[in-house]
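Please read the structure below before turning to the comments.
So that the names make sense, note that chain A is the first sequence line, chain B the second, and so on, each numbered from 1.
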Amino acid sequence: MNLIQSHAQKRDGFVKEFALKLGVDVFTPISHTIFSPEEIIKKNGGKPPLTYQSFIKLIGLPPLPLGNGSPSIPPVGIDNSNDLPIPTLTDLGFGDVSQEECNPFIGGETEALKRMDASIQDQKWVAAFEKPKGDPTAFLKPATTVLSPYLKFGCLSSRLFYQRLQEVYRKVKKHTEPPVSLEGQLLWREFFYTVAYGTPKFDQMEGNPICKQIPWNDDDSLLSAWRDGQTGYPWIDAVMVQLRKWGWMHHLARHAVACFLTRGDLFVHWEKGRDVFDRLLIDSDWAINNSNWMWLSCSAFFSQYHRIYSPISFGKKYDPDGKYVRYFLPVLKDMPKEYIYEPWTAPIDVQRKAKCIIGKDYPEPLVSHLGASKNCKEKIAAAYALNKQIKGERNQVQLQGVKKNSSDSRNTDDVIKQPPKKLRQKKLTSY
DNA sequence: TCGGTGTTGACAAA
DNA sequence: TTTGTCAACACCGA
């Protein structure tokens, strides 16, 4: 049983027990997601679908939102009338996180509905929405709905959002389709929930049947430089600062920093990056976060490890002047735009004039991107070959019906050479 | 077994 | 601004 399954079971048990005492009937529908992961997996022969397209083929028409088409069930809302004390961040175990005044996301259902309505009002925008085309450097007016935190905390019903989108699609002549449309985004969420529900050890590499076994390194100094926005690559560091300050950044910005940490440059284990995101993202979601880290590290779902986001040109493509970098990394605010994505290449007099000496006011690049990415590709290619070989051997064994003995018991976990334990014990500074 | 396809790359060429 | 190339993997359906 994995986390989602045990969580659901605990919740149902608790609610039922509580309700029984009050003599209340309990009806627990699928409501956090649109579809039932269990039913989709059953339809697929007991295994979760592993591609988006195969997932789409399995789903039928979605059920209507509760209270909005199911007349026997009242709308679910939050009763704010009884003045219950709201727990503080410290109560919730986040006392060491300082909240920035600029955090743009207010909590609650009222705000969630307001946000959804505001997004949906612009029917042209909804009809034309195409996720891969958004601008990850747009921060004054984000290129997406930013409804993810509200979906995560249950302030916004995914079913309601889905139905509202359908209403818009019916009204407009032409609109984008899944996977790139807004509807497609909701279905990605469903897809990842389904895989997460049906996969043992989903949140780790070892023992996870869908996860490639790759000998990631365990270098805490690389990890902390990345986490603290000290890699020396302004685009990467600015994204990590936005994560810390806002608890949110654009989807493609997440891709860029996740790729950099894992398969692109630093070759640090995706589970480490996952933990940082899990801690700092306001919308962090167990199923989606783990899925995306496996995706970006080429551990599952995606395997084109030659396609690496450049920590220099990817941000530049959207924001050649570096407005985004200057906003989140004020130390670089006076760096001329020719050098803003590669400040270490600026002549020393330019650095002096910009009041930003590289190596003193802002770090030198942690690694050389060209060399590091080449290195990563080679290591992943080798790991892939080994995974394939072991999978082949395993299939052979299954085909021949040979009973497993000790010499056959090798599995893909063996690909991992455990690094010397605690060789580098540099303690991570607190969040 | 093989060809088609896969939400989101970078770079060069047209 | 759009298209082809790079080098090549995993999954799926015929």
Could you give the distance separating [M] and [N] at their [atom1] atoms, to the nearest angstrom?
N: B/dA10; M: C/dA10; atom1: C1'; result: 22 Å
N: B/dT7; M: C/dG13; atom1: P; result: 14 Å
N: B/dG6; M: C/dA7; atom1: P; result: 23 Å
N: C/dA8; M: B/dG4; atom1: C1'; result: 14 Å

May I have the distance from [X] (atom [atom1]) to [N] (atom [atom2]), rounded to whole angstrom?
X: A/F301; N: B/dT8; atom1: CZ; atom2: P; value: 14 Å
X: A/Q185; N: B/dT8; atom1: CD; atom2: P; value: 12 Å
X: A/K47; N: C/dA10; atom1: NZ; atom2: P; value: 16 Å
X: A/Q304; N: B/dA10; atom1: CD; atom2: C1'; value: 14 Å
X: A/H306; N: C/dA10; atom1: NE2; atom2: C1'; value: 14 Å
X: A/E177; N: B/dT8; atom1: CD; atom2: C1'; value: 18 Å
X: A/M294; N: B/dT7; atom1: CE; atom2: P; value: 16 Å
X: A/F191; N: B/dG6; atom1: CZ; atom2: P; value: 13 Å

[X] side-chain N/O to [N] phosphate OP1/OP2 under 4.0 Å:
X: A/K133; N: B/dT8; result: no
X: A/K212; N: C/dA10; result: yes
X: A/Q53; N: B/dT7; result: yes

> In Watson-Crick or G-U wobble terms, both distances under 3.5 Å, what is the partner of C/dC6?
Replying inline: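 Across all strands, the one nucleotide that pairs with C/dC6 is B/dG9.
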
> Should B/dG4 form a Watson-Crick or G-U wobble pair with both distances under 3.5 Å, which nucleotide is its partner?
Replying inline: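 Checking every strand shown, B/dG4 finds its partner in C/dC11, with both distances under 3.5 Å.
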
> Are A/Y52 and B/dT7 stacked, counting the six-membered base ring, centres under 5.5 Å, planes under 30°?
Replying inline: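 No, the aromatic ring of A/Y52 does not stack with the base.
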
> Counting N and O atoms only, with roles assigned by atom type, does the side chain of A/R326 sit under 3.5 Å from a partner on the main chain of A/D321, one being a donor and the other an acceptor?
Replying inline: yes

>> side-chain hydrogen bond (donor to acceptor under 3.5 Å, both in side chains) for A/H32 and A/Y193? Distances and angles first, verdict last.
In response: CA-CA 10 Å; A/H32 188 62; A/Y193 263 86; 3.0 Å; yes

Anything under 30° is parallel, anything over 60° is perpendicular, the rest tilted; go ahead and classify [X] against [Y].
X: A/F192; Y: A/W188; result: tilted
X: A/F302; Y: A/W295; result: parallel
X: A/Y169; Y: A/H175; result: parallel

>> Show, in sequence, the C-alpha distance, side-chain angles and deciding distance for A/T194 and A/F35, and conclude whether the side chain to side chain contact (heavy atoms under 4.5 Å, CB included) test is met.
In response: CA-CA 9 Å; A/T194 305; A/F35 300 95; over 6 Å; no

>> Is the distance between the ring centroids of A/Y362 and A/W344 under 6.0 Å?
In response: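 Ring-ring flag for A/W344/A/Y362: false, centres at least 6.0 Å apart.
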
> Is A/Y384 touching bases, backbone alone, or none of the nucleic acid, heavy atoms closer than 4.0 Å?
Replying inline: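 Counting heavy atoms under 4.0 Å across all strands, the contact made by A/Y384 is with sugar-phosphate only.
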
>> On DNA chain C, does the nearest nucleotide to A/P49 precede the nearest nucleotide to A/R307 from the 5' side, or the other way round? Give the residue.
In response: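 Nearer the 5' end of the strand: A/R307.
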
> Can you check side-chain hydrogen bond (donor to acceptor under 3.5 Å, both in side chains) on A/Q242 and A/Y324, steps first, answer last?
Replying inline: CA-CA 10 Å; A/Q242 186 184 20; A/Y324 175 84; 2.7 Å; yes

> Among C/dG13, B/dA10, C/dA10, which is the nearest nucleotide to the side chain of A/K57?
Replying inline: C/dG13

Check the interface with nucleotides 11-14 of chain B: list each N/O to N/O pair with the protein under 3.5 Å, or write none.
residue	atom	partner	partner atom	Å
B/dC11	OP2	A/S313	OG	3.1

